[in-house]
Amino acid sequence: MSTELFTFPITKTSDSKIKYFDWDHLDFGKNFSDHMFIMEYKDGAWCSGEIVPFANISMHPAMSALHYGQSIFEGLKAIRTEDNKINIFRPDMNAKRFDESAKRMCMPPLPEGLFVDAVRQLVGLDSEWVTTRDGHSLYIRPFMFGTDELVGIRPSETYKFIIITTPVGHYYSEPVNVKIEKYYTRAASGGVGRAKAAGNYAASMYPAQQAMKEGYHQLIWTDAATHKYIEESGTMNVIFQIGDKLITPDENHDTILRGITKKSVLAIAEKWGVEIEERMITVEEVIEAAKNGTLKDAFGAGTAATIAPIAMIGYEDEKYVLPPVEDREISNKIKKYLGDLKAGRIDDEFGWNFIV
Ligand code: PLP
Ligand code: COI
């Protein structure tokens, strides 16, 4: 993990919004802390960044990101630990993924240390927004977008990198019902599915909305070419427990986001001696396991959702109900372990906590 390399000038707000804040009604991503980080890229280099009061930004109507979608983002969380420190979970991993997304989208690289130090200083300044409430956290949203004022297609030559933060509670309030998607596609091989690119989320909204009309919370995406292989679920990677094994799609496909939560789950499970298979998974295999009772568990893993148990899987007009959540020994144990680790209740044996 980087030690502090970058420090940024700070202009503090004279009127903190925290005194008006209603901690009992946290809609995910609707409220914002007092400050934001902002930095511009022009003439082939990043200019010095700064932390300023949270405010609207102005833009030219021809701003390139609005028209052609050069826009990427990250999501990570700050948690208050048991001994009242602020912990950010694995920010170096988000910094690396941000850089990979930038490359794929023809956007300028951003040094890992700069990303991490900007997050650290912003969260440090707005530390009051990291609540002690159990299960709540400060969601950190770094994003970058092209700002050229040009209705012509080429990579933008100017960009903004901004970080905003939003206090959040649980993303899903109950175990989720998911539908295995057989027609629509989130990402195709050779496309940008591995990047955390804004357009991937835009493309997923219509199919997800259709599934919601049928009573599902989300989709499980399948591969674009055949719709036979499982990819991921909404904004989460997906892990199945068939028998005693945890099985999840491998990362050799450029259609799947390489999730940090999933990697953490697998590292914990591996350390505990749970058998893990990272490989292609057919829809058929999952449905067969659901039918013959060997599908013990299925859950999504993601920063916003943490570990989200799947209650029911829909496929071809059939609904397959999974075992009760309280019986799911491995994922419940991992969820508790991750929560304890982030909150500093147990030793950080993996070195994942980043104390501000
Ligand atoms: N897949 C998609 C499409 C996502 O948006 C996310 C959320 O970030 C994930 C997977 C899970 O990734 P992570 O655990 O790094 O948040
Ligand atoms: C995250 O888990 O960080 C995500 O990206 C989900 C988000 C789109 C709400």
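What you are looking at is a predicted structure, and each value in this text was computed from that prediction instead of being measured. Note that ligands are numbered from 1 as they come in the structure, with each ligand's atoms numbered from 1 the same way.
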Side-chain heavy atoms nearer than 4.5 Å, only ILVMFWY residues, links allowed to pass through others: does that put Ile230 and Trp221 together? no

By number and element, which atoms of ligand 2 are closer than 4.0 Å to a non-hydrogen atom of Phe73? 5 (O)

Counting only heavy atoms closer than 4.0 Å, does ligand 1 sit against the backbone of Met93, its side chain, both, or neither? neither

Give me the residue, atom name and distance of the protein heavy atom closest to atom 16 (O) of ligand 1. Thr303 OG1, 2.6 Å

Contact between Ala301 and ligand 1, counting heavy atoms under 4.0 Å? yes

Output the distance between atom CD (Glu149) and atom OG1 (Thr158), rounded to the nearest 0.5 Å. 7.0 Å

Taking the non-hydrogen atoms of Lys196, is any one of them nearer than 4.0 angstrom to ligand 2? yes

Does ligand 1 have an atom that lies less than 4.0 angstrom from a heavy atom of Ser264? no

Tyr139 neighbourhood, listing ligand 2 atoms whose heavy-atom distance to it stays under 4.0 Å: 1 (C), 3 (O), 4 (C), 5 (O), 7 (C)

With rounding to the nearest 0.5 angstrom, report the NZ to CG distance, Lys296 to Leu246. 13.5 Å

Test of understanding: clusters of I, L, V, M, F, W, Y form through side-chain heavy atoms closer than 4.5 Å, transitively. Do Tyr171 and Ile220 belong to the same one? yes

Give a yes or no on whether the backbone of Val130 and the side-chain of Arg80 come within a donor-acceptor separation of less than 3.5 Å. yes

Is it possible for you to check whether Lys17 lies under 6.0 Å from the centre of the six-membered ring of Phe54, through NZ or CZ, and within 45° of that ring's axis? yes

Backbone or side chain, does any N or O of Arg186 fall under 3.5 Å from an N or O of ligand 1? no

Which atom names give the shortest non-hydrogen contact between Asp148 and Glu157, and what distance separates them? OD2-N, 2.7 Å

Joint cluster assignment, Leu150 & Met59, ILVMFWY side-chain distance < 4.5 Å: no

Verify, without hydrogens or angle tests, whether Lys77 (side chain) and Ala304 (backbone) share a donor-acceptor contact under 3.5 angstrom. yes

Under a 4.0 angstrom heavy-atom cut-off, which atoms of ligand 1 come close to Glu232? 1 (N), 2 (C), 3 (C), 10 (C)

Going by the closest heavy atom to atom 6 (C) of ligand 1, which one wins out of Thr235, Val238, Thr306? Thr235

In this structure, does ligand 1 have an atom that sits under 4.0 Å from one of the heavy atoms of Glu74? no

Hey, mind stepping through Phe98 and Phe161 against ring-ring contact (aromatic ring centres under 6.0 Å, His included) and telling me if it holds? CA-CA 11 Å; Phe98 196 64; Phe161 170 57; 5.4 Å; yes

What are the atoms of ligand 1, with element, lying closer than 4.0 Å to any heavy atom of Gly259? 12 (O), 13 (P), 14 (O), 15 (O)

For ligand 1, is Lys263 a contact, meaning one of its heavy atoms is under 4.0 Å away? no

Note: ligand 2 atoms sitting under 4.0 Å from heavy atoms of Thr303 are 2 (O), 3 (O)

Which atoms from ligand 2 have a heavy atom of Thr235 less than 4.0 Å away? 6 (C), 8 (C)

Go through ligand 2 atom by atom and flag the ones less than 4.0 Å from a non-hydrogen atom of Gly75. 3 (O)

Flag, side chain of His35 to backbone of Thr13, donor-acceptor distance under 3.5 Å: yes

Should you measure from each heavy atom of Tyr201, which atoms of ligand 1 turn up under 4.0 Å away? 2 (C), 3 (C), 4 (C), 5 (O)

Is there a heavy atom in Arg97 that sits closer than 4.0 Å to ligand 1? yes

Are any of the N or O atoms of Lys262 closer than 3.5 Å to those of ligand 1? no

To the nearest 0.5 Å, what is the distance between NZ (Lys182) and NE2 (His227)? 9.0 Å

May I ask you to check if ligand 1 and Ile260 share an N or O to N or O distance below 3.5 Å? yes

Atom indices of ligand 1, in the order listed, that fall short of 4.0 Å to a heavy atom of Lys196: 4 (C), 5 (O), 6 (C), 7 (C), 8 (O)

With rounding to the nearest 0.5 angstrom, report the CG to CG distance, Asp347 to Leu341. 8.0 Å

Ala304 N/O under 3.5 Å from ligand 2 N/O: yes

List the closest protein heavy-atom neighbour of atom 14 (O) of ligand 1: residue, atom name, distance to the nearest 0.1 Å. Thr261 OG1, 2.6 Å

Does ligand 2 have any atom that is closer than 4.0 Å to a heavy atom of Arg141? yes

Does Lys271 count as lying over the ring of Tyr337, i.e. NZ or CZ under 6.0 Å from the six-ring centre, within 45 degrees of the axis? no

Between the OG1 atom in Thr81 and the CZ atom in Arg345, the distance rounded to the nearest 0.5 Å is 10.0 Å

Under 4.0 Å from a heavy atom of Gly302: give me the atoms of ligand 1 that qualify, with their elements. 11 (C), 14 (O), 16 (O)

